[in-house]
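Accompanying notes for the structure given below.
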Amino acid sequence: MGISPSGGPAHLPPESIPTSSASQLTTEAEKKRRKKSISIPIPIPIHPSRRRAARRRRGPVAMGTSSPEMAAALLLVMAALAGVAAGGDIVHQDDEAPKIPGCSNDFVLVKVQTWVNNREDGEFVGVGARFGPTIESKEKHANRTGLLLADPIDCCDPPTQKVAGDVLLVQRGNCKFTKKAKNAEAAGASAIIIINHVHELYKMVCDRNETDLDINIPAVLLPKDAGNDLQKLLTRGKVSVQLYSPDRPLVDTAEVFLWLMAVGTILCASYWSAWSAREAVIEQEKLLKDGHESSLNLEAGGSSGMVDINMTSAILFVVIASCFLIMLYKLMSHWFVELLVVIFCIGGVEGLQTCLVALLSRWFKPAAESFVKVPFFGAVSYLTIAVCPFCIVFAVIWAVYRRMTYAWIGQDILGIALIVTVIQIVRIPNLKVGSVLLSCSFLYDIFWVFISKMWFHESVMIVVARGDKTDEDGVPMLLKIPRMFDPWGGFSIIGFGDILLPGLLIAFALRYDWAAKKTLQSGYFLWSMVAYGSGLMITYVALNLMDGHGQPALLYIVPFTLGTFIALGRKRGELRNLWTRGQPERVCTHMHMQPSPKDTNCDAVSSCTGDVRPETGVEGRWWCG
């Protein structure tokens, strides 16, 4: 569903490539840029919603307890939006744009650094042409050259002024890109920068019938707003520019930290879920020893706020999540993202409050065990009342300042707290339900990332995750970390569902291990965690091999995690029990009377649930499965 951050949208079909030799670019490179973090997710092209991104930048260059109903709703929202692990690359292959001799460059994003009167000024982002020489990748090797405005402005006729090695700034229109480049080169220009007539970027390609393409100067296309800003700089004095296209590092450190974050979240959530289940059993044992007659369920007893997923809900999840995803895709706009932010803040407050109350209750036990009745909320502990204002303020501050450089920290804190809380509340009762849930999610992820392009001409999951059609930097239901050592900046992302859905199965594994009193090596939890970590790692490897195209993380995670669990259960002869009951067999130790052989159930004070059978040769001792 998926790790980042995403794949590129569909491109124009060949017949839609204009005769002016351009095909539309739609990437996130045009997002609003700051000096310390240039956001360029996945791959070229630039979408209209990113029109603020390539604008000029100033300054120096610097390198309580949750309700089960809410938990179920949050599970749906988070998983529906969480299908992509995304990275990104500046190189984009496009088989629909023709490659011919002299016109075979890869499309790359290009930085245009400016100086006004020898003082460093703004930086813009454009895209290199299919024709011309490759653009220098090292900033220190790129030439700093003067900038001149072409006369005529469209450069469809030879320039009237002396260029003498300067970069020529021209307007798009009236003739082909290749003709503009040839005229600029003939006039002595060292490069040409073309200002687009719209706010999007376009791929500068060549006509299939062009043969005279001996162009020896680089060409870069800027979006309209960035080009106009660059043109205005010429009114302030002498302007010089530097063109270069830096490579991304081989290893993305953000992906390493994102991997640790995902694994750590599942680890904490699983231990909390298993600890809660064990506390429920201990409480049940105390009641039985005291002689209280109450038929408590082993998993839910003592924790009434838990939700067990059944087969029907596991299947319906995919259908409802798909409908919800289509709704997001069709209604995606600025106001709709604001609505998602509000929903995320409500869930984040609930999750953060639940986690903080659970942690602080050990030190503030009297406050955690003292309750007051609050209208509309019922009985609420004093500790919850004390913690809740902090959580609300935290979420509100994040929502207000979410476009700031370090706002990702607050988003990740709220997101992790929410995921941990849902995994603790929502539970898989057995391996059969877990297999159906993950298998359906596996198909859901693949369909909406890859196959949806056939109907919608772009990946629905990726478009929603990126927040296209809005000015936002993606939807909030993602964990993200900035690429701190990447010259292009941006974020690596992973969807909530890529953590939450496998996390439900892994938490089930740990609860089973503790109930069966298995060691770490003889249990299922350790190997499920290793399988999940391996699957997520393979996802990031695939992400880099695919030049940053968004990947459905569950495509790799589900076979690793679910396959390992089933294979181990089969090898150990426990698969049938895992598949149907989800609980180890145990002895009913609290029988108040000698059961008759005809009795097939534990009495009301038994600490076990499920089928009961007498142990052969042992009087008065019964096994509960």
Side-chain angles (χ1 to χ4, degrees), residues 20-22 54 56 102-103 105 108-197 201-207 210 212-245:
S20 58
S21 301
R56 178 163 50 102
C103 188
N105 295 338
V108 295
L109 296 181
V110 180
K111 290 189 177 185
V112 181
Q113 180 61 56
T114 63
W115 287 262
V116 178
N117 298 324
N118 293 321
R119 296 187 64 181
E120 189 173 5
D121 204 88
E123 183 181 83
F124 307 91
V125 173
V127 63
R130 183 71 104 187
F131 52 84
T134 57
I135 297 174
E136 176 60 51
S137 62
K138 302 292 184 181
E139 182 180 7
K140 62 182 179 181
H141 296 155
N143 294 325
R144 182 171 158 182
T145 314
L147 180 70
L148 292 179
L149 187 64
D151 183 19
I153 188 66
D154 58 11
C155 204
C156 290
D157 296 313
T160 59
Q161 76 268 52
K162 292 286 185 179
V163 181
D166 292 324
V167 175
L168 210 56
L169 183 65
V170 308
Q171 290 281 357
R172 181 188 173 189
N174 301 326
C175 61
K176 297 177 181 179
F177 290 123
T178 51
K179 185 174 182 180
K180 295 176 188 289
K182 288 176 183 177
N183 287 337
E185 183 181 6
S190 61
I192 181 172
I193 298 176
I194 302 173
I195 303 174
N196 202 6
H197 57 65
L201 282 180
Y202 281 73
K203 298 173 184 173
M204 295 188 290
V205 300
C206 313
D207 286 342
E210 288 191 88
D212 184 18
L213 291 174
D214 187 20
I215 299 173
N216 299 303
I217 62 171
V220 177
L221 184 72
L222 289 181
K224 181 179 179 179
D225 50 359
N228 291 339
D229 286 346
L230 180 58
Q231 186 174 342
K232 289 176 184 177
L233 291 183
L234 292 169
T235 63
R236 293 170 46 193
K238 182 180 178 181
V239 178
S240 55
V241 296
Q242 185 182 47
L243 308 179
Y244 65 104
S245 179

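The model shown is predicted, which means the values in this text are computed figures rather than measured ones.
In the displayed structure, Asn117 atom CG is contacted under 6.0 Å by more than 12 heavy atoms of other residues, nucleotides or ligands.
Note that CD1 of Ile215 and CD of Glu185 are 7.0 Å apart. Values are rounded to the nearest 0.5 Å. Taking NE2 of His141 as the start and CD of Glu136 as the end, the distance is 6.5 Å to the nearest 0.5 Å. Atom CG in Leu233 sits 10.5 Å away from atom OG in Ser240 (nearest 0.5 Å). The CD1 atom of Ile194 lies 10.0 Å from the CG atom of Leu168; values are rounded to the nearest 0.5 Å. In this structure, Thr145 OG1 and Trp115 CH2 are separated by 9.5 Å, a value rounded to the nearest 0.5 Å. Taking CZ of Phe177 as the start and CG of Leu221 as the end, the distance is 5.5 Å to the nearest 0.5 Å.
When side chains are defined from C-beta on, Val112 counts as touching Leu222, because their heavy atoms get closer than 4.5 Å. Under the 4.5 Å side-chain criterion, counting only non-hydrogen atoms from C-beta, Lys224 is not in contact with Asp229. Looking at heavy atoms from C-beta onward, Val167 lies out of side-chain contact with Ile217 at the 4.5 angstrom threshold. Using a 4.5 Å cut-off on side-chain heavy atoms (C-beta onward), Glu120 and Gln113 make contact.
Side-chain N or O atoms of Ser190 include one that pairs as donor or acceptor with a backbone N or O of Gly165 at under 3.5 Å. With hydrogens and angles ignored, the 3.5 Å screen pairs a side-chain donor or acceptor of Gln161 with a backbone N or O of Leu149. Judged by distance alone, with hydrogens and angles left aside, the side-chain atoms of Lys180 form a donor-acceptor pair with the main-chain N or O of Gly173 at under 3.5 Å. Formation of a donor-acceptor pair under 3.5 Å by the Thr114 side chain with backbone atoms of Gly122 is found in this model. A donor-acceptor pair is defined here as one N or O able to donate and one able to accept, closer than 3.5 Å; such a pair exists between the side chain of Asn105 and the backbone of Arg130. Of the possible polar contacts, one joining the Ser245 side chain to the Leu109 backbone as a donor-acceptor pair under 3.5 Å is found.
Take Gln242 and apply the side-chain hydrogen bond (donor to acceptor under 3.5 Å, both in side chains) test, not counting sequence neighbours, and it matches no residue. Applying the side-chain hydrogen bond (donor to acceptor under 3.5 Å, both in side chains) rule to Gln231 yields the partners Gln171; only residues at least two apart in sequence or on another chain are considered.
Glu123 and Tyr244 make their closest contact through OE2-OH, 3.8 Å (heavy atoms, listed as atom of the first residue, atom of the second, distance). Of all heavy-atom pairs between Asp166 and Val163, the closest is OD2-O, 2.9 Å. Of all heavy-atom pairs spanning Phe124 and Ala226, the tightest one is CE2-O, 3.5 Å.
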Using side chain to side chain contact (heavy atoms under 4.5 Å, CB included), reason through Val110 and Val125 one step at a time and then give a plain yes or no.
CA-CA 6 Å; Val110 180; Val125 173; over 6 Å; no
Worked check of salt bridge (charged side-chain N to carboxylate O under 4.0 Å, His left out) between Arg236 and Asp121:
CA-CA 11 Å; Arg236 293 170 46 193; Asp121 204 88; 3.3 Å; yes
Could you check Leu169 against Leu234 for side chain to side chain contact (heavy atoms under 4.5 Å, CB included), going step by step and ending with a plain yes or no?
CA-CA 10 Å; Leu169 183 65; Leu234 292 169; 4.1 Å; yes
Start with the C-alpha gap between Met204 and Phe131, add the side-chain angles, then the distance that decides, and say whether side chain to side chain contact (heavy atoms under 4.5 Å, CB included) holds.
CA-CA 8 Å; Met204 295 188 290; Phe131 52 84; 4.3 Å; yes
Between Leu230 and Ile195, is a side chain to side chain contact (heavy atoms under 4.5 Å, CB included) present by the stated rule, with each step listed?
CA-CA 9 Å; Leu230 180 58; Ile195 303 174; over 6 Å; no
Expected list for residues 151-159: side-chain donor-acceptor pairs under 3.5 angstrom, two or more places apart:
from	atom 1	to	atom 2	distance (Å)
Asp151	OD2	Thr160	OG1	3.1
Asp154	OD1	Cys156	N	3.1
Asp154	OD2	Asn174	ND2	2.9

